[in-house]
Amino acid sequence: MECTGMSAEKEDVIHHQQRMAHPSTGLSELAWMAAMATVVKVLLIPAYHSTDFEVHRHWLALTHSLPFNQWYLDESSPWTLDYPPLFACFEKLLSLFAVHVDPKIVDLINGLNYKAETVVVFQRVTVMLADLVLYFSLWRCCRKLSLEKQRLVYISIVWSPSLFIIDHIHFQYNGFLLGILLLSLSFLSEGQDFMGGLVFAVLLCFKHLFLVAAPVYFVYLLRHYCRGPYRIVKFFTLGISVLAVFLLAFGPFIYYGQVLLADVTSSEALISIWKRPVSCILGSKCVGTL
């Protein structure tokens, strides 16, 4: 009986060790799920897409054709730029490749409502590639969990019907942005609160709608990071670092006067770089959001 009990105990230990995944095991599981999801996304390339498809194509053309001090002033299309500067820089990066795929994609005037196969394939593929940020952040968040728990998380996010519909049919980059948020949360879960707060500040400079989570971050960092004998130093270090992120993102626009109130008595007092995102938050312009 004693031998049987010891044998059962050993089996339980073995089963527990099998359930606890090695990081590389979880990564291979994620890679397989991501590959399967990508196959579905490729099949969805010719599927329906909303007006947001033209919005992002226009932003490619806008950031490629105009100097950055004109990005938030251009009104050559109804789809004016209403995302923060880092997302505009992301569009600029994509435009460097788009011009080689099809120059008309980045043509500010002649490219309006351009729906050739080249632009459809290019933009769909950029969303798939941007999802790599989501996959990396997912693995970073879950690598210390048991294999069963990793699978549940990976399935719920990688194969999420909502993300499939919003990003790969309707057309958005929410998977990419969610990946940045998860990267921030992964740092917080590891006790690297400073890096978590910094990455979240970067996220806010990509998409302003994540401001809804800012109060939660503020309270968490204030209570969890800014404590102990050096709490004042930590508070100012974190505050200055976050401010530096915003200055790097908005600094060029501050320099060119797009962030300052031009004339408080004028109807143009709220300049575009603030007015457009604010109107988006209030729901007057945003079509698809998280």
Sequence neighbours excluded, which residues qualify as ring-ring contact (aromatic ring centres under 6.0 Å, His included) partners of [X]?
{"X": "Phe53", "answer": "His49, Phe171"}
{"X": "Phe90", "answer": "Phe87, Tyr173, Phe176"}
{"X": "Tyr220", "answer": "His224"}

For residues [X] and [Y], report the shortest heavy-atom separation together with the two atoms involved.
{"X": "Leu163", "Y": "Gly175", "result": "CD2-N, 4.0 Å"}
{"X": "Ile166", "Y": "Asn174", "result": "CG2-ND2, 3.1 Å"}
{"X": "Leu138", "Y": "Val153", "result": "CD2-CG1, 3.8 Å"}
{"X": "Leu211", "Y": "Leu204", "result": "N-CD2, 3.6 Å"}
{"X": "Arg124", "Y": "His168", "result": "NH1-O, 2.8 Å"}
{"X": "Gly197", "Y": "Leu221", "result": "CA-CD1, 3.9 Å"}

[X] with [Y], same ILVMFWY side-chain cluster at under 4.5 Å:
{"X": "Leu248", "Y": "Val202", "value": "no"}
{"X": "Val212", "Y": "Leu209", "value": "no"}
{"X": "Val199", "Y": "Val216", "value": "no"}
{"X": "Leu132", "Y": "Phe97", "value": "yes"}
{"X": "Leu178", "Y": "Leu129", "value": "yes"}

Can you check whether [X] reaches [Y] side chain to side chain, under 4.5 Å on heavy atoms?
{"X": "Val245", "Y": "Cys205", "answer": "yes"}
{"X": "Leu203", "Y": "Leu183", "answer": "no"}
{"X": "Arg57", "Y": "Trp79", "answer": "no"}
{"X": "Leu185", "Y": "Tyr217", "answer": "yes"}
{"X": "Trp139", "Y": "Tyr154", "answer": "yes"}
{"X": "Val42", "Y": "Met128", "answer": "yes"}
{"X": "Leu60", "Y": "Phe122", "answer": "yes"}
{"X": "Lys92", "Y": "Phe68", "answer": "no"}

Counterpart residues, salt bridge (Lys or Arg N to Asp or Glu O under 4.0 Å), relative to Lys41 (two or more places apart): Asp131
With sequence neighbours left out, write down each residue that passes salt bridge (Lys or Arg N to Asp or Glu O under 4.0 Å) with Arg140, or none if nothing qualifies. Glu190
Could you check whether Asp52 and Ser50, counting side-chain N and O atoms only, form a donor-acceptor pair closer than 3.5 Å? no
Could you give the distance from [atom1] ([X]) to [atom2] ([Y]), rounded to the nearest 0.5 Å?
{"X": "Asp193", "Y": "Leu222", "atom1": "CG", "atom2": "CG", "value": "11.5 Å"}
{"X": "Leu182", "Y": "Phe136", "atom1": "CG", "atom2": "CZ", "value": "11.5 Å"}
{"X": "Asp82", "Y": "His208", "atom1": "CG", "atom2": "NE2", "value": "6.0 Å"}
{"X": "Leu81", "Y": "Tyr72", "atom1": "CG", "atom2": "OH", "value": "4.5 Å"}
{"X": "Cys89", "Y": "Trp71", "atom1": "SG", "atom2": "CH2", "value": "4.5 Å"}
{"X": "Leu188", "Y": "Cys141", "atom1": "CG", "atom2": "SG", "value": "9.0 Å"}

Side chain to side chain donor-acceptor pair (under 3.5 Å) involving [X] - partner list, sequence neighbours excluded:
{"X": "Ser160", "answer": "none"}
{"X": "Gln123", "answer": "none"}
{"X": "Thr63", "answer": "none"}

Fit a plane to each ring of Phe246 and Phe250, take the angle between them on a 0 to 90° scale, and name the class: parallel (under 30°), tilted (30 to 60°) or perpendicular (over 60°).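 If you compare the ring of Phe246 with that of Phe250, the planes turn out parallel.
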Test item: Ser137 side-chain N/O and Leu134 main-chain N/O as donor-acceptor pair under 3.5 Å: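 A pair under 3.5 Å: no.
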Taking only Lys NZ, Arg NE, NH1 and NH2, and the carboxylate oxygens of Asp or Glu, determine whether Glu148 and Arg151 approach each other closer than 4.0 Å.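 No, no charged N to carboxylate O under 4.0 Å.
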Do His58 and Asp74 pass the side chain to side chain contact (heavy atoms under 4.5 Å, CB included) test, and can you show the C-alpha distance, the side-chain angles, and the key distance before you say yes or no? CA-CA 11 Å; His58 178 68; Asp74 176 73; 3.6 Å; yes
Output side-chain donor-acceptor pairs under 3.5 Å for residues 228-243, partner residues at least two apart or in another chain, one line each.
unit_1 : atom_1 : unit_2 : atom_2 : d
Arg231 : NH1    : Gly228 : O      : 3.0
Thr237 : OG1    : Val233 : O      : 2.7
Ser241 : OG     : Thr237 : O      : 2.7

Here the salt bridge (charged side-chain N to carboxylate O under 4.0 Å, His left out) pairs for residues 156-181, sequence neighbours left out, are none
Salt bridge (charged side-chain N to carboxylate O under 4.0 Å, His left out) pairs, two or more places apart, involving residues 170-179: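 Applying salt bridge (charged side-chain N to carboxylate O under 4.0 Å, His left out) to every pair that reaches into residues 170-179, excluding sequence neighbours, yields nothing.
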Taking only distance into account, with no hydrogens and no angle test, what donor-acceptor pairs under 3.5 Å do side-chain atoms of residues 108-115 form with protein atoms, sequence neighbours excluded?
unit_1 : atom_1 : unit_2 : atom_2 : d
Asn110 : ND2    : Asp107 : OD2    : 3.4
Tyr114 : OH     : Asp102 : OD2    : 2.5

